[in-house]
Amino acid sequence: MKAIQFSQYGKANVLEIKDVKIPTINAGQILVQVKAFGINPIDWKLRSGAMKAFIPLPLPFILGSEVSGIVMKVSDDVKHIKVGDNVYGRTQHAYAEYVSMDADKTQIIPAFLNFTEAASLPSGSQVAYSALKTVGNIQKNQKVLIHAGAGGVGTAAIQIAKYFGAHVTTTVSTRNIALAKQLGANEVIDYRATSITTLKNDFDLILDSVGGQTQIDSWDLLKENGTLITLVSDESAQFTPSPNKKFNFMRGVQDNSSTEVNQLIESRKIKPIIDQVYDFKDIAAAHTKSETGHVSGKLIVVI
């Protein structure tokens with residue numbers, strides 16, 4: 001099969017299409033013919049070597065954590081998925097024509113979604129659900145601040161927070177104000193025009209996927225007993241001490257929320273937001289776009 005891999009850290013041009021063996025499956029797994037996969041910021045951070053001190057990779061390496069496709073093989077102990085099913089979910093090494101997936105982390109694609117749309121949903125929505133519900137224990141009528149509301153996690157987080165009945169404020173660039181409002185945000189802050197330091201310190205829950213000074217300033221926007229969850233870095237050494245506020249540096253999806261998130265997708269509480277679709281051979285262009293940080297929703301690669 002064809003797969004996209006890299007043999008050395010570097011810029012997007014280190015990504016190459018190579019012939020590799022089709023993966024085998026173990027108990028509890030399925031083999032999927034890939035139709036589309038999503039690009040996430042973690043992908044280019046791993047490829048560039050920016051994270052090699054924390055996550056060293058065995059090179060050559062195949063990236064990719066979310067995928068959609070057709071089931072080609074099923075292990076004997078898997079009963080809820082069969083050959084021929086259209087599925088989507090989180091996995092590893094998704095930049096390939098075939099991928100093995102854990103059946104308990106895989107869902108049948110709702111009939112109203114195509115492969116491209118389905119591939120855009122697993123990572124951002126499950127990370128957002130983990131942060132807001134699993135870790136943050138979001139409650140109805142809470143005031144929630146979501147940074148980078150136009151990104152893959154942010155667009156899902158706005159929709160999930162609204163589902164749980166929260167009052168949502170989000171930060172976006174000027175061009176994404178309309179998108180944030182369309183997704184249901186109650187208040188939209190253009191971070192280019194307005195500093196978050198001007199906001200009141202009355203947020204129950206803040207989701208940070210920006211880091212740096214944004215994270216530090218966000219700590220001061222929490223009310224007593226509020227929670228700040230970050231996905232990108234730990235700046236807590238620079239926070240003003242407060243015994244009643246909570247801080248959590250969340251690393252990846254917590255627990256397996258694929259079923260709960262799939263239910264929200266099936267009921268159309270979470271809808272796909274896609275910025276751009278690329279062909280398999282144009283993976284370098286997709287990575288270059290992701291690195292700009294100016295993405296509205298998801299970048300998808302189709303095979």
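Numbers for residues simply follow the sequence, beginning at 1.
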At their closest point, which heavy atom of Gln254 faces which heavy atom of Ser130, and how far apart are they?
N-OG, 3.0 Å

Between Gln215 and Ser233, the two heavy atoms sitting closest are NE2-O, 2.9 Å

What I'd like to find out is whether the side chain of Glu66 reaches to under 4.5 Å of the side chain of Lys298, using heavy atoms alone.
yes

With a 4.5 Å limit on heavy-atom distance, are the side chains of Tyr129 and Glu260 in contact?
yes

Axial cation check for Phe164 ring with Lys140, 6.0 Å and 45° limits:
no

Matching residue for Lys143 among Asn186, Asp204, Asp202 - test: side-chain hydrogen bond (donor to acceptor under 3.5 Å, both in side chains):
Asp202

For the pair Phe239 and Trp219, name the ring-plane relationship: parallel under 30°, tilted 30 to 60°, perpendicular over 60°.
parallel

Check whether any side-chain heavy atom of Thr91 sits under 4.5 Å from a side-chain heavy atom of Asp102, and report yes or no.
no

Side-chain contact, heavy-atom cut-off 4.5 Å: Leu228 with Asp208?
yes

Does the Gln238 side chain pair with the main chain of Glu235, one donor and one acceptor, at a distance under 3.5 Å?
no

Can Glu117 and Lys271 be counted as an ion pair, charged N to O under 4.0 angstrom?
no

Is any NZ, NE, NH1 or NH2 atom of the basic residue among Asp19 and Lys2 found under 4.0 Å from an Asp or Glu carboxylate oxygen of the other?
yes

Evaluate the ring planes of Phe280 and Phe37, with Trp represented by its six-membered ring, and classify them as parallel (under 30°), tilted (30 to 60°) or perpendicular (over 60°).
perpendicular

Specify the closest pair of heavy atoms between Leu31 and Ile25, including all atoms of both residues, with the distance to one decimal.
N-CG2, 3.7 Å

Given side chains that start at C-beta, do those of Leu183 and Thr170 come closer than 4.5 Å, heavy atoms only?
no

Flag, side chain of Arg251 to backbone of Phe249, donor-acceptor distance under 3.5 Å:
yes

Evaluate the side-chain proximity of Ser258 to Gln126: yes if any heavy-atom separation is below 4.5 Å, no if none is.
yes

Closest heavy-atom contact between Ala166 and Ile138?
CB-CD1, 3.9 Å

So, do Asp190 and Val172 sit near enough that their side-chain heavy atoms are less than 4.5 Å apart?
no

Among Ile109, Val32, Val67, the one residue meeting side chain to side chain contact (heavy atoms under 4.5 Å, CB included) with Tyr88:
Ile109

Return yes when atom CD of Gln139 has more than 12 non-hydrogen atoms of other residues, nucleotides or ligands closer than 6.0 Å, and no otherwise.
yes

Mark yes or no for whether Asp77, through its side chain, and Gly28, through its backbone, hold a donor-acceptor pair below 3.5 Å.
yes

Any chance you could measure Leu121, atom CG, to Leu113, atom CG, to the nearest 0.5 Å?
6.5 Å

Check: His93 ring centre within less than 6.0 Å of Phe61 ring centre
yes

Quick one: does NZ or CZ of Arg47 land under 6.0 Å from the six-membered ring centre of Tyr9, within 45 degrees of the ring axis?
no

Could you measure the distance from the OG1 atom of Thr230 to the CZ atom of Phe247? Nearest 0.5 Å is fine.
5.5 Å

Any side-chain heavy atom of His147 within less than 4.5 Å of one from Ile206?
yes

Minimum-distance pair of heavy atoms, taken over all atoms of Ile303 and Ala96:
CD1-O, 3.3 Å

Quick one: does Asp43's side chain have a donor or acceptor within less than 3.5 Å of a partner on Asn40's backbone?
yes

